Amino acid sequence: QVQLVESGGGLVQAGGSLRLSCAASGRTFSSATMGWFRQAPGKDREFVVGISRNGGRTYYADFVKGRFTISRDNAKNTVYLQMNNLKPEDTAVYYCAASFGGNWYTVYRQSNEYDYWGQGTQVTVSS
């Protein structure tokens with residue numbers, strides 16, 4: 001079993017920044033492909049970004065390229081999402097997810113490819 005706990009959400013003005021963290025426990029973190037998803041009210045959950053086990057590969061959704069950066073610290077069992085130049089349309093609950101499939105370079109983009117999910121953290125961007 002894997003536990004994922006997100007933190008770092010909050011209320012920020014448009015143009016501002018937030019840094020989300022996701023702390024993992026229960027299995028070897030370095031064996032997990034990690035991802036961030038988000039879900040806005042009335043919308044489906046959507047992929048934001050993923051990172052491979054060793055951090056060597058990442059994949060970003062087009063709408064966050066150049067603004068968001070994912071990173072991981074396998075020694076701390078934590079994945080981060082640095083969000084800059086936030087926009088009101090970034091308002092959503094952000095979830096981190098873990099998958100133990102694939103290999104060292106795999107990055108998953110579909111929610112059904114992830115096995116474990118955190119409880120989510122709310123990000124609200126005011127205009």
Side-chain angles (χ1 to χ4, degrees):
Q1 194 71 3
V2 173
Q3 293 78 43
L4 302 173
V5 179
E6 301 99 334
S7 61
L11 173 64
V12 64
Q13 289 187 331
S17 298
L18 284 173
R19 187 195 195 203
L20 305 184
S21 299
C22 173
S25 61
R27 283 185 67 173
T28 305
F29 180 73
S30 59
S31 297
T33 297
M34 301 298 295
W36 286 95
F37 290 75
R38 69 185 188 185
Q39 187 167 19
K43 295 188 177 181
D44 293 335
R45 188 172 299 187
E46 63 181 353
F47 171 80
V48 176
V49 60
I51 188 167
S52 61
R53 295 179 186 178
N54 61 3
R57 292 189 68 185
T58 57
Y59 191 92
Y60 292 86
D62 287 343
F63 54 79
V64 300
K65 284 182 180 177
R67 300 189 298 126
F68 291 11
T69 303
I70 190 172
S71 61
R72 66 187 296 163
D73 186 339
N74 286 348
K76 295 183 177 180
N77 293 347
T78 302
V79 62
Y80 305 97
L81 182 62
Q82 178 66 44
M83 306 186 295
N84 298 328
N85 191 21
L86 283 160
K87 304 176 181 179
E89 51 264 43
D90 293 320
T91 295
V93 177
Y94 284 71
Y95 299 89
C96 73
S99 172
F100 291 89
N103 57 39
W104 281 106
Y105 303 102
T106 299
V107 179
Y108 291 122
R109 287 174 273 171
Q110 305 298 321
S111 58
N112 60 8
E113 294 174 309
Y114 287 86
D115 307 304
Y116 300 95
W117 295 82
Q119 82 289 348
T121 186
Q122 176 70 46
V123 171
T124 303
V125 184
S126 63
S127 57

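Source: prediction; values computed, not measured. For reference, positions follow the sequence shown, starting with 1. Atoms considered below: every heavy atom in the structure, side chains included; atoms not considered: hydrogens, waters and symmetry mates.
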- Do you know which two heavy atoms are closest between M34 and L4, and how far apart they sit? CE-CD2, 4.1 Å

- Item | Note, F68 side chain near L86 side chain (heavy atom, < 4.5 Å) | yes

Kindly list each side-chain donor-acceptor pair under 3.5 angstrom involving residues 9-32, sequence neighbours excluded, with atom names and distances?
residue: S17; atom: OG; partner: N84; partner atom: OD1; Å: 2.9
residue: S25; atom: OG; partner: Q3; partner atom: OE1; Å: 3.2

- Query: Looking only at atom types and distance, does a side-chain atom of R72 sit under 3.5 Å from a main-chain N or O of S52, one as donor and one as acceptor?
  - Reply: yes

- Query: Which heavy-atom pair separates C96 from E6 by the least distance, and what is that distance?
  - Reply: N-OE2, 2.8 Å

- Message: Before you tell me yes or no, could you show the steps for T69 and Y80 under side-chain contact (heavy atoms from CB on, under 4.5 Å), namely the whole-Å CA-CA distance, both residues' side-chain angles and the distance that decides it to 0.1 Å?
- Response: CA-CA 8 Å; T69 303; Y80 305 97; over 6 Å; no

- Item | Close side-chain approach of E46 and F63, heavy atoms under 4.5 Å | yes

- Task: For atom OH of Y105, decide whether the heavy atoms of other residues, nucleotides or ligands shown that lie under 6.0 angstrom number more than 12.
- Result: no

- Query: What closest approach, in Å, do L81 and Y94 show between heavy atoms, and which atom pair accounts for it?
  - Reply: CD2-CD2, 4.2 Å

- Query: Do I51 and W36 come within less than 4.5 Å of each other through their side chains, counting heavy atoms only?
  - Reply: no

- Task: Quick one: pull up CD in Q39 and CD in Q122 and give me the separation to the nearest 0.5 Å.
- Result: 11.0 Å

- Student check: side-chain heavy atoms of Y116 and Q1 closer than 4.5 Å: yes

- The complete set of salt bridge (charged side-chain N to carboxylate O under 4.0 Å, His left out) pairs with one or both residues in residues 59-69, sequence neighbours excluded, reads D62-K65, R67-D90

- Message: Are there over 12 heavy-atom neighbours, none belonging to D44, within less than 6.0 Å of that residue's CG?
- Response: no

- Can any side-chain N or O of T91 pair as donor or acceptor with the backbone N or O of V125 at less than 3.5 Å? yes

- Under a side-chain separation threshold of 4.5 Å, the hydrophobic residues clustered together with Y59 are F37, F47, V93, Y95, V107, Y108, Y114, W117

- With distance as the sole test, does S99 use its side chain to make a donor-acceptor pair with the main-chain N or O of E113 at under 3.5 Å? yes

